[in-house]
Amino acid sequence: MVKEENESPNRPDNTAFTQQRLPAWQPMLSAGIVIPGFVLIGLAFIGIGVALLITSRNIQVLELDYTGTEQNSPCFQCSDPDKQNCVCTLQFSINRLFEGPVFFYYGLSNYFQNYRRYGVSRDDGQLYGDLSYFKEPYDQCEPYRYDRNKRPIVPCGSVVNSLFNDTFRLFQIVNGQQKEVPLDGKGIAWWTDYNIKFRNPTVTPLRNAFNGTVKPLFWPRPAYELDTSDPANNGFINQDFLVWMRRAALPDFRKLYRRITEGDYTNGLPAGNYSLEIAYNYPVLSFNGRKMVVFSNVSWMGGKNEFLGIAYLVIGTLCVVMSVVMLIVYAKFKFPEEE
Amino acid sequence: MGSVESYFGQLCGQQQKKEEERRLRANDRPFNLSYRYANNAIKTSKYNVFTFLPLNLFEQFRRLANSYFLFLFILQLIPQIASLSWFTTAVPLVLVLSITAVKDATDDINRHKSDKQVNNRKVSVLIDGELQSEKWMNVQVGDVIKLENNQFVTADLLLLSSSEPLNLVYVETAELDGETNLKVKQALTVTGKMGDNIEALASFTGEVRCESPNNRLDKFKGTLAVNGQTYSLDNDKVLLRGCTLRNTEWCFGLVIFGGPDTKLMQNSGKTTFKRTSVDHLMNVLVLCIFGFLASMCSVLTIGNVIWEVKEGSAFTVFLPREPGVDAPLSSFLTFWSYVIVLNTVVPISLYVSVEIIRLGNSFYIDWDRKMYYAKSDTPAQARTTTLNEELGQIKYIFSDKTGTLTQNIMAFNKCSINGKNYGELFDYSGQRMEITEKTQRVDFSWNRLADPKFIFHDHSLAETIREGNSEAQAFFRLLALCHTVMPEEKKEGELYYQAQSPDEGALVTAARNFGFVFRSRTPETITVVEMGQQVVYELLAVLDFNNVRKRMSVIVRNAEGKLTLYCKGADTIIYERLHSSCNKLMGVTTGHLNEYAGDGLRTLVLAYKHLDEHYMKEWMQRHHEASTALDGRDEKLDELYEEIEKDLLLLGATAVEDKLQDGVPQTIEQLAKADIKIWVLTGDKQETAENIGYSCNMLREEMKDIFTVSANTAEGVKEELVCARRKMCPLAAEAPTVAKARAGLFWLEKTETVHDDKVDGEYALVINGHSLAFALEKDLELELLRTACMCQTVICCRVTPLQKAQVVELVKKYKQAVTLAIGDGANDVSMIKAAHIGVGISGQEGMQAVLSSDFSFAQFRYLQRLLLVHGRWSYLRMCKFLQYFFYKNFTFTFVHFWYAFFCGFSAQTVYDEWFITMYNLVYTALPVLGMSLFDQDVNDRWSFQYPQLYSPGPLNIYFNKKLFVHCMMHSCYSSLILFFIPWAAMHDTVRDDGKDIADYQSFALLAQTCLLVVVTIQLCLDTHYWTAVNQFFVWGSLAVYFATTFTMFSNGMFLIFTSAFPFIGTARNSLNQPNVWLIILLTTLLCSLPVVAYRFTVIQLHPTVNDKVRHKLRKEALPGPAPRRPPVRRISTRRSGYAFSHVQGYGDLVTSRRFLRPRKNRPALFKQTDSPLAQNQPQHYRTITEEPEQPMCH
């Protein structure tokens, strides 16, 4: 490596790099590595798959469709788009204890929250509480940027405008009496959304910030009055609003509505009959969408999804099979040793 | 600013009127300036400070890829279709443009510097009657300037006068045409008589009319009008810029062409731009990808139409259409939106990366110590940095002979004197010993005049001479007398010989060292120092060489008055003229000659006879009559020569070795094993060429047949070719099988490929220049190609530089194979430029070949390292790179395609925009570069051990259209996994705290993380050679990905740039979920395990050479170098004598007074070149400049 003395400057340096002699590890796909490797991976996968599957099986899920397209559905009469402030009630029963904490989701299907123009139609500046965007919303918000009178819409855009506005109340029927199950609406959105990404303008009272603006067209109430029961849960940091704004990746999705963690229901929903009172506002029939509510509990791997467990099992098995095939090939054809 | 104007002038289609004829008057600036001739300033730079930006950008956007991305960028600025933010294209584009701009700028700054340096050189100019020192750039046409010895010629000058007698000047033209011997120029007497009289020169008002500026170096036409007289001017009176004045104290010249008009500048630039076959393939593929992109976009557009009709129209409750945008318009916009989203199938970084890889691999060539030649201190050089991978695909090599295969050094190797063989060494057991560097040399220190460079190993010969053996003395006396060499003794005792052929120089030098020193000659005498005593011989006659006689003789009278005829020549010729008393000696000598021939030496037989004074007198009388005869002079002389050259007494034979360069036979053997065909194209005579063919093992005695084509008519040539073909392959069809195909961009190029016929056994073809001229005609070229390709070895002799290029073009045209031409001389330039790869042998005299070559090194043997190691690796790396690069980009893009079916074909991207921007630029750039700069399948020693490893290259096995499709399928599979596994696993799932994780942002993060891990693992599978750098790049890039992701999705970034980083918190919220990591693991293994299984199985079932060697390499250490085979004694009746490569006419020269003016320094009399044309015809090898003689296939 040392340059000899009296060497001409034209003579290239003798380094491992310039002479392409860098020490290197040269792995090869030899039978000794590949076949045992496949077996090991296969076994590990089967192990993981079994664990996942068992976990997933233990998660309880209850899905209730309330779109109301069918005649016998309790919400049938509400599905008429002309009907205002319609309320329908869904009855269901639980056979055994629905272990808590129970999460209460609403689900929509055939709903393209991932449509590009829908997705970009929002103004993160506004939602961050930047008042300068209140006067002139982001141009991608069109056509929900200004109302007919050229007043800026705050918050603007399609995503905001289409905020899900069905509300639910859950009752357990105990001895023929309706006992309301307390629903916890706090902390259902991401911490970062609640604390960083979305902020109300630092104006008190909040409503003053919205002077000169109009509420989104579909909304019954302006942003600062989203939650009438809890004044702190208003504006852009309203939990339901935050959940809605985290748009779904796929056209069928469910969103967290409430958690059931309080009172008598800390351990879950006991077996029994329940009734769900739905304020049916959100129109989905025009695009063949469906609405549902879902009760579910979770595990370390999240919600119920058997796919992952099955996939691990199948692939683990395939690996083992493949290793056998390769072993046969190796034994039969084996690398011709001679030149 | 004038230069800028002229540049734009050129751009606007040559506004200036073309100069028809140049008129100028000496010392009359106002008159000359009226013509607006260019002054002597040169400008090779392209830009200045102001023009750099616009011109450079203009140049860069002429590249298809760059303008494509500019187009994309513009698309992205249209809000209706901007599916991606502007920066996703702008950032890479600006980066690429600026890297190129910086490179161009540094190049141009260097050109500015060298221009400045040249323009500011000083020269003496005659202004207002006195000599003033002036900068070169201020010299005007019509100025008279004074040049001194060893100065560069300032501009193209008309020589006016010089310090030398007869107004001669000597110039070296190496910079111009690569020839190092001096050339003589002579001024007109009318101007010459002015000498250095400043007054006369200042009042000189000659008017020159001459041709307009052009690039023909060997022609000049014009007239000079002085005092009403007109004199014609030709090339002999013109000094060209680029020459150097030598051996001439001073000279005066009149500037005719200045700066850009000089022939040197007219010759520069405009070199043809070579592209590699991978380049062509890449262009085709990129075009296919464009088509593919368009069809993908169309599919998605149709999807969009259907969706809009079925779903979108109903979904308007939540997503109202913009006013004026109906379904058809919306889908039209979608098309362009998808063009933007899917543009990554044609990655801009591809071109940049390819350039970087090539540059890196070129540096390896420059850096290679094993291609550095210490003796001439020359490292190898990759002069073109864009052709590396082509080095791994060479199918045909066209080699020059002299200076390339051979050293152009003749060594007196052996001799046979009076039946005794000298020059070989035997050990004690009588075995022939190999002569190596270490063998003890004969000490010539007893001879004061000996040439120290002369090497001889047989001590017995020196002893024999010093013992006074009369035959041996006569032998060397003959060598010292019978030749046409010119001696030069600059210092007492320092003799230099200028020989017309190097063989002759070798023989005279041998005589000199063995004590018969040829010291000086006059037309009538030859002075020889014989064993320390000066002897003067009277030279009575030189019986010169010619092609028929194949011998030369001298008749001399020694100091005692004895008359002797000394003769040397080809054995067959001399043997016919020997005295019958020599029969026995003849037999022994023939045996020796056969041995010499077997060793590939050039032999010559020496004989003498004493002459009778009386007869001589009478013969001289007749000789005089004959040589002054008006008609039939040559015949008469021949008759006379024939008469006197008989009854000769045999002295012995000499053997001269045309020294091959080191390792030539081994290199040729290696290249042959690698399935590369080598054709030798030489200007030399057939005998010499064949001889070299034998000595470097291209022609072998055991070959089935060696065909010689030397007919002088088209029919004859055809017959010989057909005959040879039938003999090799009697069953082959008469008509060659030609496969017609279309290739190139848009399949516009028609190609014809001639298929090889199968031949049993080895054959060789030797074809002569005359025959070649016929064979290269349209109707015979296919026949020639077919026959030649059947042979193992093809040697073309006596070919002109143009023919060399034609042969290369022929193979290029009908074989669709990659060709390499290697040569050292100016006559190889055309061939070097015509071939796909041109290699110049550097470190020797001329530089012309090197200057026009793509690669240069000092020794032919480095060719095997260049091809088998560097070329092979470069090709392998480039192919791996391309395959991987296409894979990673297709995989990246196809995921968008699948997602389209789930997002209403709305051109929604799967990944975060920043990820799209950084993917090619940051996250995957370095690992793949690391692989393409460091990867090697086996190291260099194994590459040499198994030259077969080279064979996949010429067959295009590592990357081709099939593999490209394969690569696309693989990408398709990977992208399906990459989309649908996360899709299925994320569907309806939630975090472990019940919160949302199936949101778009988490999904994007998951998909992009999976993608990055998968392509990284794929890279790991492709990498065979894991250096520390590779490890660093691979793991570093992954680390950088996670680091950047967490940074970009951090609170801080969002607080600073609110709208630029909407993904805040996504990384934290999803990458802490175990099932996210389980999904990443699953997709990764699902993408890579099938590859592993497939590759493993393929290796087991169909192992390639590569696999076998790699397998072997694990098991055993590299075998040591093969033991050197002891030299095999071969006997051959094939002869080659330098007599055959001699040129006639030098006998007259040495006996004339023309070149014998006593001078301190004499210019070289003879030039060494192997071009038969060099001596009598102007050469036409400067294809850089002349209009292309024939269409070049590119």
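All values derive from a computational prediction rather than experimental measurement. Per chain, numbering begins at 1; letters A, B, ... match sequence-line order.
- With a threshold of 4.5 angstrom between heavy atoms, B:H1102 does not approach chain A through any atom at all.
- For B:A984, the parts lying near chain A are the backbone and the side chain together; criterion is any non-hydrogen pair under 4.5 Å.
- Residues that satisfy the ring pair (Phe, Tyr, Trp, His ring centres under 6.0 Å) test with A:F253, not counting sequence neighbours, are A:Y111.
- Residue B:L1081 touches chain A through both its backbone and its side chain, counting heavy-atom pairs closer than 4.5 Å.
- Proximity to chain B is limited to the side chain of A:K255, based on heavy atoms less than 4.5 angstrom apart.
- At a 4.5 Å heavy-atom cutoff, the contact between B:W983 and chain A is made by backbone and side-chain atoms alike.
- For B:F905, the ring pair (Phe, Tyr, Trp, His ring centres under 6.0 Å) test picks out B:F901, with sequence neighbours left out.
- For chain B, the option among A:M322, A:M28, A:Q113, A:M301 with the highest count of heavy-atom pairs below 4.5 Å is A:M28.
- For B:N1030, no part lies under 4.5 angstrom from a heavy atom of chain A.
- By the 6.0 Å and 45° rule, A:R259 does not stack over the aromatic ring of A:F103.
- Heavy atoms closer than 4.5 Å to chain A are found nowhere in B:F363, neither backbone nor side chain.
- Ring pair A:F112/B:W307: centre-to-centre distance below 6.0 Å.
- Contacts between A:I196 and chain B at a heavy-atom distance below 4.5 Å involve backbone atoms as well as side-chain atoms.
- For B:L1055, the parts lying under 4.5 angstrom from a heavy atom of chain A are both the backbone and the side chain.
- The candidate with the highest count of non-hydrogen atom pairs below 4.5 Å against chain B, out of A:G107, A:A189, A:S323, is A:A189.
- Contacts of A:Y257 with chain B are absent, with no heavy-atom separation under 4.5 Å from either backbone or side chain.
- Chain A forms more heavy-atom pairs under 4.5 Å with one residue of B:L1101, B:T1097, B:D937 than with any other, namely B:L1101.
- Proximity to chain A (any heavy atom under 4.5 Å) is shown, for B:M371, by neither the backbone nor the side chain.
- With a 4.5 Å cut-off on non-hydrogen atoms, B:Y373 does not touch chain A at all.
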